[in-house]
Amino acid sequence: MKAAPIALFVYRRPEHTRRTLEFLRRNVGAGESALHIFCDGPRSEAEKPLTDEVREIAARAEGFASVELHAAERNRGLAASVVAGVDEMTARFGRVIVLEDDMESSPYFLSFMNEALNRFAHDGRIAEIHGYTAPLPPGTPECFLRRGADCWGWATWERGWRLFNPDAAALLAELKRRGETRLFDLDGAFPFCRMLADQAAGKLDSWAIRWQASVFLAGKYMLQSGRPLIRNIGGDGSGRHCAAGVGEVFRLWERPVGIPEEPEPEREAVRQAYRASLGNWRIPLSRRIAGKLRYEFRRLFPGGKK
């Protein structure tokens, strides 16, 4: 089976990066996969020791067919880093598997991604493969089609990434013109359109909301794993784009995920489960602040009491 290259985006979180790499190294097929690690630069001199440590960890990564570091001299920010990195990888290799530095993966994450990338390489309906999933009801298929795209443990082809439109204002205007804002917001469960508006106004810097809207408006789908292949560990206050106080408590899937020749569309019960799950991510400000403070205390005083 042809193994797609992996793009891992890291910044200033050494322990998260170490854990992400260790889980990825345990994947079936890791030894046949080329790993490209994109290291963002520090925003200030105070951050330099952390970004340097992350780069040292990245340089020591083992268990892959090859490891290539892409080290930025200055801070680009996650959105610019991901967009430029995926641009480069899809132009060079035609496909890419994308992870960030706070994602623990199932041992079968890479095999699911690669099998799906190979099987649906020429299926114009599918723009993305996605590994993270919400808790879903019994009887959910092992994978299925969902309209749009998502951002935690995903893969695409050059033809899929060509759909990406960086213009958030244009994306939001088109959603309004079509009367699909509520549908895009999962029937009001989560303010995705407000995120697009904030992106257009310069209040947010997210590649993910623009990717999601681009694929949604193109009428394309993601092949969604119905089993948990990714666990996000960034909800501890350490990240800039993941709310503090959100914990991932489920176990990762430890068997291969079956991929049918013709995946079925998302069921209504599954859509309702996603709506309920997204409601849990609307974390109150007080909890976000408390989580951030706990993280900073542990970072500054690693031997102190919590």
Side-chain angles (χ1 to χ4, degrees), residues 1-10 20 24 27 29-30 32-38 68 70 78-103 105-106 108-133 143-168 171 184 192 196 199 206-227 229-230 232 241 257 259 263 265-266:
M1 180 170 61
K2 180 181 179 181
I6 306 162
L8 172 62
F9 294 88
V10 302
T20 296
L24 190 59
N27 262 250
E32 291 76 51
S33 302
L35 176 63
H36 295 253
I37 307 179
F38 291 81
E68 183 176 326
H70 307 250
L78 180 61
S81 295
V82 170
V83 171
V86 176
D87 278 349
E88 177 182 344
M89 297 293 286
T90 53
R92 287 176 62 183
F93 305 108
R95 59 182 65 190
V96 64
I97 298 169
V98 184
L99 288 163
E100 295 172 32
D101 62 3
D102 55 3
M103 296 178 187
S105 53
S106 157
Y108 295 97
F109 168 74
L110 287 181
S111 56
F112 174 72
M113 291 285 144
N114 281 308
E115 183 179 350
L117 283 170
N118 289 328
R119 182 174 299 185
F120 300 107
H122 304 293
D123 189 330
R125 300 170 303 163
I126 300 173
E128 183 196 87
I129 317 298
H130 192 242
Y132 176 89
T133 189
C143 63
F144 51 92
L145 298 178
R146 295 178 64 206
R147 184 177 171 187
D150 218 323
C151 61
W152 284 355
W154 59 285
T156 192
W157 306 266
E158 183 181 20
R159 63 165 177 79
W161 188 243
R162 281 200 299 267
L163 298 172
F164 179 71
N165 181 354
D167 190 336
L171 292 166
F184 186 63
F192 290 122
L196 273 176
Q199 175 72 37
S206 170
W207 63 271
I209 189 61
R210 291 176 285 167
W211 171 232
Q212 181 179 347
S214 297
V215 177
F216 182 91
L217 285 168
K220 305 298 183 182
Y221 297 88
M222 70 184 101
L223 181 73
Q224 171 67 60
S225 171
R227 306 294 182 264
L229 299 179
I230 290 291
N232 189 290
H241 301 277
V257 174
I259 304 176
E266 176 183 48

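Here the structure is a predicted model, which means the values were calculated and not measured.
- For the pair Lys220 (side chain) and Gly124 (backbone), a donor-acceptor distance under 3.5 Å is present.
- Counting only distance, with no hydrogens or angles, the side chain of Ser33 and the backbone of Ala3 share no donor-acceptor pair below 3.5 Å.
- Looking at heavy atoms from C-beta onward, Thr156 lies in side-chain contact with Trp211 at the 4.5 angstrom threshold.
- Checking side-chain atoms of Arg146 against main-chain N and O of Glu266 turns up no donor-acceptor pair under 3.5 Å.
- Distance check, rounded to the nearest 0.5 Å: NE2 of His70 to CD1 of Ile37 gives 9.0 Å.
- Residues Val96 and Ile6 form no side-chain contact, since every pair of their non-hydrogen atoms from C-beta on lies 4.5 Å or further apart.
- Judged by distance alone, with hydrogens and angles left aside, the side-chain atoms of Arg159 form a donor-acceptor pair with the main-chain N or O of Ala121 at under 3.5 Å.
- Side-chain atoms of Trp207 never come within 3.5 Å of backbone atoms of Leu78 as a donor-acceptor pair (strictly under, hydrogens ignored).
- Gly153 and Leu99 get closest at one heavy-atom pair: CA-CD2, 3.8 Å.
- In this structure, Tyr221 places its OH atom where only 12 or fewer heavy-atom neighbours from other residues, nucleotides or ligands lie under 6.0 Å away.
- Of all heavy-atom pairs between Leu196 and Ala168, the closest is O-CB, 3.6 Å.
- Here Leu229 contributes atom CG and Tyr108 contributes atom OH; the two are 11.5 Å apart, rounded to the nearest 0.5 Å.
- For the atom pair Thr133 OG1 and Trp152 CH2, the distance stands at 11.5 Å (nearest 0.5 Å).
- The shortest distance between side-chain heavy atoms of Phe109 and Ile97 falls below 4.5 Å.
- The two residues Ile209 and Ser206 have their closest heavy-atom pair at N-OG, 3.2 Å.
- Here the CG atom belonging to Asn27 is positioned 11.0 Å from the CD atom belonging to Glu32, to the nearest 0.5 angstrom.
- Minimum interatomic distance between Ile230 and Tyr132 (heavy atoms only, all atoms of both residues): O-CD1, 3.3 Å.
- Residues Leu35 and Leu24 form a side-chain contact, since some pair of their non-hydrogen atoms from C-beta on lies under 4.5 Å apart.
- Across all their heavy atoms, Glu100 and Cys151 have their closest contact at OE2-O, 4.1 Å.
- Between Phe9 and Phe38, the ring planes lie parallel to each other; the angle is under 30°, not in the 30° to 60° tilted range.
- Here the CG atom belonging to Asp150 is positioned 7.0 Å from the CD atom belonging to Gln224, to the nearest 0.5 angstrom.
- When side chains are defined from C-beta on, Phe112 counts as touching Cys143, because their heavy atoms get closer than 4.5 Å.
- Panel note: side chain Thr20, backbone Asp101; a donor-acceptor pair is recorded below 3.5 Å.
- Pairing each heavy atom of Ala116 with each of Ile259, the nearest pair is N-CD1, 3.8 Å.
- Under a 3.5 Å cut-off, the side chain of Ser214 and the backbone N or O of Asn165 do form a donor-acceptor pair.
- Counting heavy atoms from C-beta on, the side chains of Thr90 and Phe164 never come closer than 4.5 Å.
- Side-chain contact check for Phe93 versus His36: some heavy-atom pair is nearer than 4.5 Å.
- When side chains are defined from C-beta on, Ile129 does not count as touching Arg119, because their heavy atoms never get closer than 4.5 Å.
- Screening residues 122-131 for salt bridge (charged side-chain N to carboxylate O under 4.0 Å, His left out), with sequence neighbours left out, gives Asp123-Arg125, Arg125-Glu262.
- To the nearest 0.5 Å, atoms CZ (Arg210) and CG (Leu171) are separated by 8.5 Å.
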